2 protein chains.
Amino acid sequence: MSSKVPVAGKLNDVIFYSIDKAIRTYRQYAQKQLRDHGFDITIDQWLVMKALLENPGIKQQDLAGMVFKDNASVTRIIELLVKAGYLERTVHQTDRRMAKLTVTDKGKGTLRDMQPVVNNNRKRALKNIDEDTILLAKNMLDQVTENCKH
Amino acid sequence: MSSKVPVAGKLNDVIFYSIDKAIRTYRQYAQKQLRDHGFDITIDQWLVMKALLENPGIKQQDLAGMVFKDNASVTRIIELLVKAGYLERTVHQTDRRMAKLTVTDKGKGTLRDMQPVVNNNRKRALKNIDEDTILLAKNMLDQVTENCKH
DNA sequence: TTTCAATAATTGATATATCAAATATATCAA
DNA sequence: TTGATATATTTGATATATCAATTATTGAAA
């Protein structure tokens, strides 16, 4: 009797393969949609901006954790966002090691304009999948995250 | 009445966030395990080698699709694998545009030696998750992939 | 056979991922 | 205050992702 979900075996049978493939395919699709709608911004840049808007005054380190990116990656993403005029960066009042990051009006406007496209991407990606399944999968994935977080 | 799985909203509630976070956390964990066991190879290099071993004679383009990577990425990953002595590359007999790629004995040996670590990583990542849930999640994720594949 | 379109792979440019090392600033103990 | 240590961020080096452009080769039409 063989297991239905082999731990090892053909790549295709491994759940992690499905996870990786799903998120990559989704990101490709979403990125292309944004591009086709005239937005010159990457998914990662969007994510960082969004997280900043939802958590004003957050420090870069926490921001990195929130978008599960490396500090170094966040530094470079922020550089580009500042250069593009979506973010403003000033030194923190009380702790000069930190940067105070604010989403500019241009950034907010872009986020607002992008939202319909983002919503549509998600809707499209979740077509023919019912909410219970999504919730179950989300819990399962969050458990994987927990299991791997040392 | 609010939806249990909002299409838009706080980042944390979005399924795609969970997917991305899970696979990244898993990859970080798995990569660290490999490193700690003395293997000097990336997850992506492992994936490409594994796919080549399971599909001898495959052309790079199909290989790229199989590991859902870009042709350019695969080209560069292969370069490194050849340089490290894990792969051998010769010109194809009948079609000189193609490369014939073979996993060397060294490559096979490394894959074999790595397998226990890989198995353990997967086991650890799936702790406390029952098989039915995994299967359901896998089907859900495969549906997402399908939905986004244009 | 010459020419042109299709195919396989590479290369260039830019963005992100990752780890280690370096900077800058803050904090706390002596 | 000085000195050691901790914290926040940046920088450097290398790997991968992505798209566009290029190269090499093949296949088919004129």
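The model shown is predicted, which means the values in this text are computed figures rather than measured ones. The figures that follow rest on heavy atoms only: side chains count, while hydrogens, waters and symmetry mates do not. In what follows, chains carry the letters A, B, and so on, assigned in the order in which the sequence lines appear, proteins first and then strands, with residues in each chain numbered from 1.
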**OP:** Using a 4.0 Å heavy-atom cut-off, write out nucleotides 6-13 of chain D from 5' to 3' as B (base contacted by protein), S (sugar-phosphate only) or - (no contact).
**Re:** BBSBBBBB

In whole Å, I'd like the distance from the [atom1] atom of [X] to the [atom2] atom of [N].
X       : N      : atom1 : atom2 : answer
B:His92 : D:dA24 : NE2   : C1'   : 15 Å
B:Leu80 : C:dA17 : CG    : C1'   : 15 Å
A:Ile43 : C:dA17 : CD1   : P     : 12 Å
B:Ile23 : C:dT16 : CD1   : P     : 20 Å
A:Tyr29 : D:dC19 : OH    : C1'   : 19 Å
A:Arg96 : C:dT27 : CZ    : P     : 13 Å
A:Lys32 : D:dC19 : NZ    : P     : 9 Å
A:Gln93 : C:dT25 : CD    : P     : 15 Å

Subject >> 5'-most by nearest nucleotide on DNA chain C - A:Asp44 or A:Thr94 >> reply: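 Taking each residue's closest nucleotide, the earlier one in sequence belongs to A:Asp44.
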
Original post:
Where the side chain of A:Ser73 is defined as all heavy atoms beyond and including C-beta, which of D:dA17, C:dT16, D:dT18 is the nearest nucleotide?
Top reply: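 Of D:dA17, C:dT16, D:dT18, C:dT16 is nearest to the side chain of A:Ser73.
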
Original post:
With a non-hydrogen cut-off below 4.0 angstrom, is B:Arg27 in contact with a base, only sugar-phosphate, or nothing?
Top reply: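 No contact.
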
Exam field: side chain [X] to backbone [Y], donor-acceptor pair closer than 3.5 Å:
X        : Y        : result
B:Gln31  : B:Ile41  : yes
A:Thr25  : B:Cys148 : no
A:Lys108 : A:Leu53  : no

Under 4.0 Å between a side-chain N or O of [X] and OP1 or OP2 of [N]?
X       : N      : answer
B:Gln28 : C:dA17 : no
B:Lys69 : D:dT16 : no
A:Gln45 : C:dT16 : yes

Original post:
For A:Arg89, which of A:Leu81, A:Thr102, A:Ile78 qualifies under side-chain contact (heavy atoms from CB on, under 4.5 Å)?
Top reply: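 When side-chain contact (heavy atoms from CB on, under 4.5 Å) is applied between A:Arg89 and each of A:Leu81, A:Thr102, A:Ile78, only A:Ile78 qualifies.
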
Original post:
Just one of B:Ile129, B:Ile23, B:Asn128 clears the side-chain contact (heavy atoms from CB on, under 4.5 Å) bar with A:Val144, so which one?
Top reply: B:Ile129

**OP:** State whether A:Arg27 and B:Asp20 are salt-bridged, where the test is any N-O pair (Lys NZ or Arg NE/NH1/NH2 against Asp/Glu carboxylate O) under 4.0 Å.
**Re:** yes

Original post:
To the nearest 10 degrees, how far apart in direction are the end axes of the helix from C:dT1-D:dA30 to C:dA30-D:dT1, each fit to five base pairs?
Top reply: 10°

Original post:
Taking atom types as modelled, is there a side-chain donor on A:Gln143 or A:Asn139 under 3.5 Å from an acceptor on the other?
Top reply: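 There is no such pair (donor and acceptor under 3.5 Å, judged by atom type) between the side chains of A:Gln143 and A:Asn139.
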
Original post:
Quick one: are B:Arg124 and B:Tyr26 in side-chain contact, heavy atoms under 4.5 Å?
Top reply: no

Original post:
Does A:Lys149 count as lying over the ring of B:Tyr29, i.e. NZ or CZ under 6.0 Å from the six-ring centre, within 45 degrees of the axis?
Top reply: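 Ring-cation test returns no.
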
